[in-house]
Amino acid sequence: MSIFIDRNTRVLVQGITGSEGSFWTKHMIDLGTQVICGVTPAKEGQTIHDIPVYHSVERALRNHVVDASMIFVPPKLTKDAVFEALANGIKKIVTMADGIPLFDMVAIRHAALEHNALVIGGNTSGVISPEEAMMGSFPYWIQRVYKRGNIGVMTRSGSLTNEVTAMIVKRGYGVSTLIGVGGDPVPATRFSEMLPYYQQDEQTEAVVIIGELGGTMEEEVADAMEKGIFTKPLVAFLGGRTAPKGQKMGHAGAIITGGKGAVEDKIEALTKAGALVADRPSNVGILLEQLNVSKK
Amino acid sequence: MSIFIDRNTRVLVQGITGSEGSFWTKHMIDLGTQVICGVTPAKEGQTIHDIPVYHSVERALRNHVVDASMIFVPPKLTKDAVFEALANGIKKIVTMADGIPLFDMVAIRHAALEHNALVIGGNTSGVISPEEAMMGSFPYWIQRVYKRGNIGVMTRSGSLTNEVTAMIVKRGYGVSTLIGVGGDPVPATRFSEMLPYYQQDEQTEAVVIIGELGGTMEEEVADAMEKGIFTKPLVAFLGGRTAPKGQKMGHAGAIITGGKGAVEDKIEALTKAGALVADRPSNVGILLEQLNVSKK
Amino acid sequence: MKLFEYQVKDLFNTAGIAIPKSQLIHRVDQASEAFVQIGFPCVIKSQVLSGGRGKAGLIQFVKNEGKGMEEVTRLFALPQKISSLLIEEAVDIAHEVYASFTIDPLSGSALSIVSAAGGVDIETLAIEQPHKILQTKIDMNLGLQAYQANHIAYECGFDPETAKKFTQLLLKLYRLFVQYDCELLEINPLFITKSNELVAGDGKCSIDDNSMFRHEDISIPLGDIENEAERLAAEEGIPFIQFDGDISLMCAGAGLTTTVYDLVHYEGGTIANYLEFGGPHYKKAMKAMEICLKVPSKVILIVTFGTIARADVMAQGIVEAISKLKPDRPIVTCIRGTNEVEAVETLRKAGLNPLFDTEEAVRLAVALAKETKI
Amino acid sequence: MKLFEYQVKDLFNTAGIAIPKSQLIHRVDQASEAFVQIGFPCVIKSQVLSGGRGKAGLIQFVKNEGKGMEEVTRLFALPQKISSLLIEEAVDIAHEVYASFTIDPLSGSALSIVSAAGGVDIETLAIEQPHKILQTKIDMNLGLQAYQANHIAYECGFDPETAKKFTQLLLKLYRLFVQYDCELLEINPLFITKSNELVAGDGKCSIDDNSMFRHEDISIPLGDIENEAERLAAEEGIPFIQFDGDISLMCAGAGLTTTVYDLVHYEGGTIANYLEFGGPHYKKAMKAMEICLKVPSKVILIVTFGTIARADVMAQGIVEAISKLKPDRPIVTCIRGTNEVEAVETLRKAGLNPLFDTEEAVRLAVALAKETKI
């Protein structure tokens, strides 16, 4: 069993008629995802890949029972779309856009906590359980990257995720569920909040986290391990060991930490909690082997 | 036993050094209320009637355990004071000021619901259990009005409350606890939300509500009676039977109802639910007698 | 505080909500110029705060200057002294919609009320076809969200073009509602024109009196208030309403006032005016009595039962007012509450006969009013 | 986007937060006039975005015009090409305080950070005496409340007069923080003068890049950017940082870039620049390469592994850029992801030797950089 989504998850797509929304909806369906309806204002009555489109989430829910919403709207409209999904009682949401205003992400995080909902993103490729289902934009057709298996992956990155996952697969492993929490400084859901799901998931034998400098998400993972909330083998890959301090490369979640967030601190915390930390992508698979994680 | 407050309720007073705050704090103490600390920014270190004053609620709570807060600050500062009390975990609050901006009251009502707190007011004289304790500004020394007994009173009015209560007492009854929910269009706590407390209170044998035209608070009381949430005898006095429609007299909570809130509707709902409705203050006591409420 | 239609439309205009072309005139001699500016046909709308202007003949549709001048002259000559008229272009209306924001006191939210069936008789519609009225709660900490406005627009059954415009209009209207601390902000009717534009045909705005300190840019021009007593009260900030009965009320508190109002009617009397003598006004006996004396009443009835509004202070004020203003009509007092014993003494000393029971006071006032009539 | 000190102080000034009297100069010949306006003693502050200005000698306290002119001349002549100096009055300081707002990503709140112990070494203080730093979460749906600011002020131990002023200042600072979508808005130090006034001695402001569309009034004057590559990148909106090593990175994504950065260092290489070639920039190969060529590097290393950023599009762009710009240094590519097969083909056809393994590409780039060095 995968986590977050599987073939039974009924997915609504917000922004389904946009070029990205339409393109990736097709891929989601092709992989086996159950996309059952979509929302784009002004487009009710149309269908996209035979999926009916509605003016609003509330109108869609009059005709469909939905488990999750996949949001493909532009960054400036993302907060509104997430709020719409939350207000309509949807508890699993993935929102992809890169470039969401910081304060909008703060509002989204705040609202997600208030609604007790899992909102994944923004600035992410989403969630994929290879050979099962996905919400997002993964090149699942590249088999040297997206192969089914027993390794749970959580990541803050995009390209780096492909890089690391390719290395895991190269070593003979596969992925159970990969969750991109997103590269924004304020992700709506944090690594440690997804750990209990991986802990419970029978398919997942070990977890790989792909971290970054900045923020405290990796420290929170260490904390969850220390507290016994997560007890499976865990390997972390952390880039940025040699990065110059005080510089922000791209949208790395670095800035907003006030002294915390150096890679050394993260390595120390994770190592202390019993995780193994890889210094380069090609070592991740080797460390999984060291932890005697099976290759099934 | 009274409700909301009694001699064991430890009361903090916000705005204790102001002229009203100081004046009524003295009266609260004289009646037997346990006022244990006060807050006025810039006045920490002072005492008022031997009660220590602090700069902020948080600082006061470092030295005192508090059950309720009595707020005597001006209308423009009321929202801030209520938010301060709520943020510091105080669950019983009385706020008196007349003239609180409407949207501030909306925010207060919203926050009170979120914090699951009882905020009484604004635009009220507060809460009194005669001969026991009070939070507010009642002329408890006028014995023909404020006599202890078995009648719970809830009111939206100020002067009219004195008028009606005097009539109840004249007829040989006394008051268990009188709660002024306040005359603003958006009171922080509504009649029906206090009814369960009166229902539970052993001292209260019957309840008198002093309503007004406008709003739906009286209809909600009728609803609670229909649902069996409140089963004791209830007498309502409602002014405004002959009032011209569409006019707003003073701060009557009339306007914001959209068609609802006529006195006739209230009378009909209450009568249907088994309440007796008095057409003039002097009839309230007579109706209590009709309901066989004892005079103890 | 209720605003005049032209003030509400000014607000709409600054917020980017379209209004018909119009010109405000204060005198008959300004009409021709306005007619030139606006053209015919046009609508002449009396700027008064009371409702039901249409039925009262205070709104006139005119097709030419002759008829226009005739109506302007007639309206300015009415006994109620209308101080301004709005000359407004006639709009090509395809459809009328109702849209407003108010407050939901139960949830502590704002409430959007929209009906695509128009608002001519929104109260009746609310009872008979409630599903045609869309009510949407708005968390005021967050504000109206675009998705909510969008959903409302499509629930109204608008086509996509109209829906987009309506969504934008609703968001603008909400911002105004918040900016001006409105109890009610209403567009009724909102015209959808034949060329598919949204135009605010009429607007109501009631600003929360307790928030007026935040809106010093807004006021009712006192010169526009016809009645002298009303103007005096407005200047002092004393709540006041004039009726056409016999007894002037100077009472404390909305609840006690409406109760006295009822009791007067039970006894067969009629009310000349309501005047709030309680709360922050309890020290204003002189001004309050001056206002009541401007009203053509037969008796002044003063009923209070105050706590912070001290009875002795009110009594003292009344005595001083009587001595200075030398009222031409009887005064009945029923003053109770904090320091009521001192109050009674003060009134007695001044030769008055203070009563202590509201019903007794009402009966006396009604009797005096009838006597005076005979 | 980080603002220059003088820009931040302009914001403070418009928000009603006091700043020292100052004048901005761009050339040596503007200095005398500025000294006349400001008087002596005064402070000459180089307007650069990097930290540690004091330690780098970029801030000078001067007592007379001679010394002042000397410093102005020296600073403008520095190799790093400082484009402006702020000539600022010297303030009579009694006490220094730290105050800032940022974001708490865990709770989804704003965070107020205040220390009455000053902010000279706030990071050290945070570790050694954390109780001296007051952190307060602010629900951004509600905003900073007056009671919170008041509590912070008294927790700082201020006397009532200072506390009232500090409370007001904090409320103003929060409004600015929200108004400008700040990642960080900081006053450090905040001077409490001997006459008990609060004056912002220095300010930092970093505006969320994703919100810049809401702040068209704010920009970094491109003329103030000394470095040509930096200016080109800024014009294109391409994230770019120049270092002083050998290898220009043209990589996609912050995570992959920092990883490549690490791998280069593991292999003994050094980085000439970081340049974001992913996300919205994946079609900008021409401009990206032009920028890299402005940097005195020895190799350009291109590493990507994109999904939406299609490998074939990037490869095609690189081929075109090479053909047009005719780079004077070797280029190593490692382009994977969506349509990677087509990408490899495109690169091969153009005579390049596309690699497919990141570590191999890094080793080759480092080797090439070393060769070129010899």
Side-chain angles (χ1 to χ4, degrees), chain A residues 20 75-76 98-113 125 137-139 142 155-163 166 183-188 190 210 212-213 215-216 220 237 239-244 246-253 255-256 258-259 279-282, chain D residues 50-51 102-111 113 122-123 126-127 139-141 178 181-184 206 208-211 213-214 239 241 243 251-266 274 276 278-280 303-309 336-338 340 357-359:
Chain A
E20 265 199 59
K76 291 183 201 177
D98 178 9
I100 301 170
L102 175 66
F103 286 8
D104 286 4
M105 278 310 307
V106 172
I108 289 170
R109 166 78 177 159
H110 199 267
L113 290 173
S125 305
S137 60
F138 295 93
I142 309 180
T155 177
R156 292 164 71 176
S157 296
S159 308
L160 179 58
T161 306
N162 290 335
E163 176 85 30
D184 281 343
V186 182
R190 304 174 71 78
I210 303 168
E212 267 180 33
L213 74 173
T216 57
E220 295 156 29
F237 170 74
R241 289 167 195 244
T242 65
Q247 294 287 10
K248 183 167 109 168
M249 304 222 207
H251 283 284
I255 282 291
I256 303 170
D279 64 346
R280 56 185 76 203
S282 56
Chain D
S50 46
T102 181
I103 289 294
D104 173 41
L106 267 84
S107 60
S109 310
L111 193 65
I113 304 176
I122 190 94
E123 287 86 359
I127 294 158
D139 182 336
M140 293 191 78
N141 292 337
V178 172
D181 287 279
C182 298
E183 295 170 328
L184 174 73
S206 173
D208 170 31
D209 289 328
N210 292 344
S211 309
F213 68 91
R214 291 200 278 246
I241 308 171
F243 306 106
C251 295
L256 187 55
T257 301
T258 50
T259 300
V260 171
Y261 196 109
D262 285 348
L263 293 171
V264 167
H265 279 88
Y266 296 163
Y274 147 71
E276 177 60 61
V303 183
T304 73
F305 209 139
T307 302
I308 292 171
R336 287 83 37 92
T338 302
E340 59 190 19
D357 178 276
T358 305
E359 292 191 31

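- Only the side chain of A:Asp104 comes within contact range of chain D, with at least one heavy atom under 4.5 Å from a heavy atom of that chain.
- Within the 4.5 angstrom heavy-atom criterion, only side-chain atoms of A:Phe237, from C-beta onward, approach chain D.
- Contact annotation for A:Leu113: only side-chain heavy atoms (C-beta onward) come within less than 4.5 Å of a heavy atom of chain D.
- Heavy atoms closer than 4.5 Å to chain D are found in the side chain of A:Arg190, but not in its backbone.
- The closest donor-acceptor contact from the side chain of A:Asp184 to the backbone of A:Val186 lies at 3.5 Å or more, if one exists at all.
- Side-chain atoms of A:Arg109 come within 3.5 Å of backbone atoms of D:Leu106 as a donor-acceptor pair (strictly under, hydrogens ignored).
- Judged by distance alone, with hydrogens and angles left aside, the side-chain atoms of D:Thr102 form a donor-acceptor pair with the main-chain N or O of D:Glu183 at under 3.5 Å.
- Taking each heavy atom of A:Ser159 and D:Leu256 in turn, the nearest pair found is CB-CD2, 3.7 Å.
- Looking only at atom types and distance, the side chain of D:Thr358 has no donor-acceptor partner in the side chain of A:Arg280 under 3.5 Å away.
- Judged purely by distance below 3.5 Å, without hydrogens or angles, the side chains of A:Glu20 and A:Ser137 never pair a donor atom with an acceptor atom.
- Contact of D:Asp262 with chain A is made through backbone and side chain together, with heavy-atom distances under 4.5 Å.
- Atom CG of A:Leu160 and atom OG1 of D:Thr257 lie 9.5 Å apart (nearest 0.5 Å).
- When heavy atoms are compared at a cutoff of 4.5 Å, D:Leu111 does not approach chain A at all.
- Ranked by heavy-atom pairs shorter than 4.5 Å toward chain A, the options D:Val303, D:Asn141, D:Asp139, D:Thr259 are led by D:Thr259.
- Using a 4.5 Å cut-off between heavy atoms, A:Ala188 does not touch chain D at all.
- A:Ser157 touches chain D through its side chain: at least one heavy atom from C-beta onward sits under 4.5 Å away, while N, CA, C and O do not.
- Both the backbone and the side chain of D:Thr338 come within contact range of chain A, judged by heavy atoms closer than 4.5 Å.
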